[in-house]
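Take a look at the structure set out below.
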Amino acid sequence: MTTLDEIAALLDAAELNYERADGRIRTGFGTDVYEDADGDGCLHLVIGLQEDGELLRILAPMAYRLPPKAGARRLAAVQRTLNQINWESRVVQYEMDTEDGEIRLAIDFPVEDGKLTELQLTRMLRLMPNVADQCHVGLRRAIEEGVALPTEAALRRELEQFVKALPPEEGTPPPDAT
């Protein structure tokens, strides 16, 4: 079982800024690509405990918002993009509330009967803005234009088609001539 006091002590040891309110800890990290709704390059995080301190939950609430009247095409593109991101990310997951359009990043870390370490906590906290930066352009495009993030397999097929369409270099036999 973990307590907020223990988490605060780990944040103090890591020299990270935070504030405590409403039984949660709030912090934030600067980003290079991600921008919040106000155009700020910062990902705001909320750290909380569930299941009597056996589950650590880190959220970036309202990281994005899909307007409720965005339409089926944009909703499908966003959901497909979130699914692709979640497939590629093993720790950070994107969640979407289809009622109000909130899209947030989340990490659920079971502590159970173990002891949370400073390294574990800071790694999770620093991973959140990195993932937000990596996924921002694709997710923003899905939200604004209704264009889903392509899968790795689709990108690989596009690259193979591109390479096949290239003219052969002088003295190089065509790809199917063996």
Side-chain angles (χ1 to χ4, degrees), residues 16 22 24-51 54-112 116 119-166 175-176:
L16 294 175
D22 305 324
R24 295 180 178 190
I25 294 175
R26 299 181 191 285
T27 189
F29 289 87
T31 55
D32 295 323
V33 179
Y34 169 83
E35 291 180 347
D36 65 12
D38 297 327
D40 296 328
C42 181
L43 187 67
H44 302 280
L45 303 177
V46 176
I47 305 167
L49 293 168
Q50 296 179 351
E51 299 178 16
E54 292 183 353
L55 181 72
L56 172 70
R57 185 152 171 83
I58 303 170
L59 295 174
M62 290 302 289
Y64 298 93
R65 184 172 178 275
L66 178 68
K69 296 181 182 185
R73 182 173 157 264
R74 283 175 40 197
L75 175 61
V78 168
Q79 289 179 328
R80 186 169 162 201
T81 297
L82 294 177
N83 186 53
Q84 183 63 32
I85 292 169
N86 287 342
W87 176 258
E88 294 172 11
S89 172
R90 300 295 183 234
V91 178
V92 177
Q93 297 295 301
Y94 279 76
E95 302 174 342
M96 180 177 180
D97 181 344
T98 54
E99 291 295 316
D100 67 4
E102 175 192 9
I103 300 170
R104 62 184 174 210
L105 289 81
I107 293 178
D108 289 324
F109 186 76
V111 181
E112 302 294 332
L116 182 66
L119 182 60
Q120 289 170 327
L121 180 61
T122 56
R123 181 175 182 186
M124 287 184 284
L125 291 173
R126 293 184 195 289
L127 184 62
M128 299 280 279
N130 289 339
V131 170
D133 276 343
Q134 291 172 6
C135 301
H136 180 70
V137 173
L139 185 50
R140 183 58 50 212
R141 187 166 185 220
I143 291 168
E144 294 173 0
E145 302 172 27
V147 177
L149 185 67
T151 64
E152 287 183 36
L155 290 172
R156 190 172 26 258
R157 284 191 301 271
E158 284 182 31
L159 177 62
E160 288 169 1
Q161 289 174 352
F162 175 76
V163 169
K164 284 181 184 178
L166 289 175
D176 49 356

Run the salt bridge (charged side-chain N to carboxylate O under 4.0 Å, His left out) test against Asp133 and tell me which residues pass, sequence neighbours left out. none
Under the side chain to side chain donor-acceptor pair (under 3.5 Å) test, residues paired with Gln134 that sit two or more places apart: none
Please list all pairs meeting ring pair (Phe, Tyr, Trp, His ring centres under 6.0 Å) that have one or both residues in residues 81-102, counting only residues at least two apart or in different chains. none
All side chain to side chain contact (heavy atoms under 4.5 Å, CB included) counterparts of Asp40, not counting sequence neighbours: Asp36, Asp38
Does Leu116 reach the side chain of Leu56, with side-chain heavy atoms less than 4.5 Å apart? yes
Can you name the residues that form a side chain to side chain contact (heavy atoms under 4.5 Å, CB included) with Glu35, not counting sequence neighbours? none
For a 4.5 angstrom cut-off between non-hydrogen side-chain atoms, does Val46 reach Pro61? yes
Least distance between heavy atoms, Thr31 atom then Cys42 atom: OG1-N, 3.5 Å
The reported gap from CG in Asn130 to OG in Ser89 (rounded to nearest 0.5 angstrom) is 11.0 Å
Residues forming a side chain to side chain donor-acceptor pair (under 3.5 Å) with Glu102, sequence neighbours excluded: none
Starting from the C-alpha separation in whole Å, work towards a yes-or-no answer on side chain to side chain contact (heavy atoms under 4.5 Å, CB included) for Arg104 and Asp97. CA-CA 9 Å; Arg104 62 184 174 210; Asp97 181 344; over 6 Å; no
The criterion is side chain to side chain donor-acceptor pair (under 3.5 Å); which residues satisfy it with Gln93, sequence neighbours excluded? none
With rounding to the nearest 0.5 Å, note down the distance linking CD in Gln79 to CD1 in Ile103. 9.0 Å
Please list, chain by chain and in numerical order, all residues satisfying side chain to side chain contact (heavy atoms under 4.5 Å, CB included) with Glu112, sequence neighbours excluded. Glu54, Pro110
Quick one: side chains of residues 121-128, donor-acceptor pairs under 3.5 Å with protein atoms, not counting sequence neighbours, listed by atom name and distance.
from, atom 1, to, atom 2, distance (Å)
Thr122, OG1, Glu118, O, 2.9
Thr122, OG1, Leu119, O, 3.3

When the side chains of residues 62-72 are checked against the rest of the protein, which donor-acceptor pairs come out under 3.5 Å, sequence neighbours left out?
from, atom 1, to, atom 2, distance (Å)
Tyr64, OH, His136, ND1, 2.7
Arg65, NE, Asp100, O, 3.4

Salt bridge (charged side-chain N to carboxylate O under 4.0 Å, His left out) against Arg24, all qualifying residues, sequence neighbours excluded: none
Answer whether the closest heavy-atom distance between the side chains of Val111 and Leu55 falls below 4.5 Å. no
Identify every side-chain donor-acceptor pair in residues 137-146 under 3.5 Å, counting partners at least two apart or on other chains, and give the distances.
from, atom 1, to, atom 2, distance (Å)
Arg141, NE, Glu145, OE1, 3.2

Answer yes or no: is there a donor N or O on one side and an acceptor on the other, between the side chain of Thr81 and the main chain of Ala77, under 3.5 Å? yes
Compare all side-chain heavy atoms of Arg26 with those of Ile47 and state whether any distance is below 4.5 angstrom. no
Measure the spacing between CG of Asn83 and CD of Glu88 and express it to the nearest 0.5 Å. 10.0 Å
